[in-house]
Amino acid sequence: MTPVAVDVTRRPVPLEPAGAGNPHLSLLRVVSDPVRWRILTLLAEEQLCTTHLQDLLGAKQTLVSHHLKVLREAGLLDTEPCGRFTYYRLRPGALDGLSSSFGALAAASHREPKRRAC
């Protein structure tokens, strides 16, 4: 049997759990849900309360509240109490980091990439 040389200096990149060490991945996971994406697009137009969102989404209050909680905990929404209701709006600048990352990827797609030798 002939010995085979193995390059032990090049190790595979370990896979990390989604979002581990990268806040953009965590944020992508939050906004990738279709209901949450719809909530964000609605709140981009105007401030809305849970009742408005229920009507616009055709969803139950518990589902809307759950998604609003996830979006709040991700730092994407601001709230403003108004009597018995709470109004929600997009937090200014909350998506700027994600936007700049996508912008950098989009710009890179227009450049000729380097090729690594095999």
Side-chain angles (χ1 to χ4, degrees):
M1 190 189 278
T2 307
V4 176
V6 177
D7 183 2
V8 293
T9 60
R10 288 177 56 179
R11 298 182 190 269
V13 177
L15 295 177
E16 296 178 355
N22 188 335
H24 296 314
L25 293 179
S26 296
L27 200 53
L28 276 175
R29 205 168 76 215
V30 169
V31 301
S32 68
D33 180 272
V35 174
R36 290 193 284 262
W37 183 258
R38 181 75 177 125
I39 290 171
L40 290 173
T41 58
L42 290 168
L43 294 176
E45 298 296 321
E46 61 184 324
Q47 293 184 37
L48 298 167
C49 70
T50 307
T51 306
H52 296 135
L53 289 166
Q54 280 177 250
D55 293 341
L56 292 166
L57 297 168
K60 293 185 178 182
Q61 184 270 331
T62 53
L63 180 68
V64 172
S65 292
H66 164 73
H67 287 296
L68 288 170
K69 178 184 175 200
V70 172
L71 291 167
R72 273 194 330 269
E73 289 175 350
L76 296 175
L77 301 182
D78 283 334
T79 60
E80 183 181 330
C82 184
R84 296 182 353 190
F85 302 100
T86 300
Y87 277 82
Y88 294 88
R89 69 181 192 109
L90 289 179
R91 177 172 290 159
L95 294 167
D96 289 353
L98 196 56
S99 175
S100 64
S101 292
F102 272 112
L105 284 173
S109 72
H110 295 282
R111 293 190 300 266
E112 186 64 32
K114 296 183 276 184
R115 181 177 291 181
R116 183 183 289 193
C118 292

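These values consider heavy atoms only, across backbone and side chains, with no hydrogens, waters or symmetry-generated copies.
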Nearest-0.5 Å distance that lies between atom CZ in Arg84 and atom SG in Cys49:
10.0 Å

Out of curiosity, does Leu63 fall in the hydrophobic cluster containing Val31 (side-chain heavy atoms, cut-off under 4.5 Å, transitive links)?
no

Please test Leu95 against Leu27 for side-chain contact (heavy atoms from CB on, under 4.5 Å), starting from the C-alpha separation and ending with a verdict.
CA-CA 9 Å; Leu95 294 167; Leu27 200 53; 4.3 Å; yes

With a 4.5 Å cut-off on side-chain heavy-atom distances among I, L, V, M, F, W and Y, is there a chain of contacts connecting Leu68 to Phe85?
no

State, with a plain yes or no, whether a side-chain heavy atom of Leu43 is found less than 4.5 Å away from one of Arg89.
no

Please report the C-alpha distance between Leu42 and Tyr88 in whole Å, then the side-chain angles of each, then the deciding distance to 0.1 Å, and finally whether the side-chain contact (heavy atoms from CB on, under 4.5 Å) criterion is met.
CA-CA 10 Å; Leu42 290 168; Tyr88 294 88; over 6 Å; no

In short, Glu80 meets Gln47 closest at the heavy-atom pair OE1-OE1, 3.8 Å

Connected via hydrophobic side-chain network under 4.5 Å: Tyr87 and Leu57
no

Run the side-chain contact (heavy atoms from CB on, under 4.5 Å) check on Thr50 and Thr86 step by step: do they pass?
CA-CA 7 Å; Thr50 307; Thr86 300; 5.7 Å; no

Do you know the tightest heavy-atom contact between His66 and Arg36?
NE2-NH1, 4.3 Å

Minimal heavy-atom distance between Gly75 and Ala94, with the atoms involved, is O-CB, 3.4 Å

For the pair His110 (side chain) and Ala107 (backbone), establish whether a donor and an acceptor sit closer than 3.5 Å, ignoring hydrogens and angles.
no

Going through the checks in order, is the side-chain contact (heavy atoms from CB on, under 4.5 Å) test met by Asp78 and Arg91?
CA-CA 5 Å; Asp78 283 334; Arg91 177 172 290 159; 2.6 Å; yes

Taking the side chain as everything from C-beta on, heavy atoms only, tell me whether Leu48 gets closer than 4.5 Å to Ile39.
no

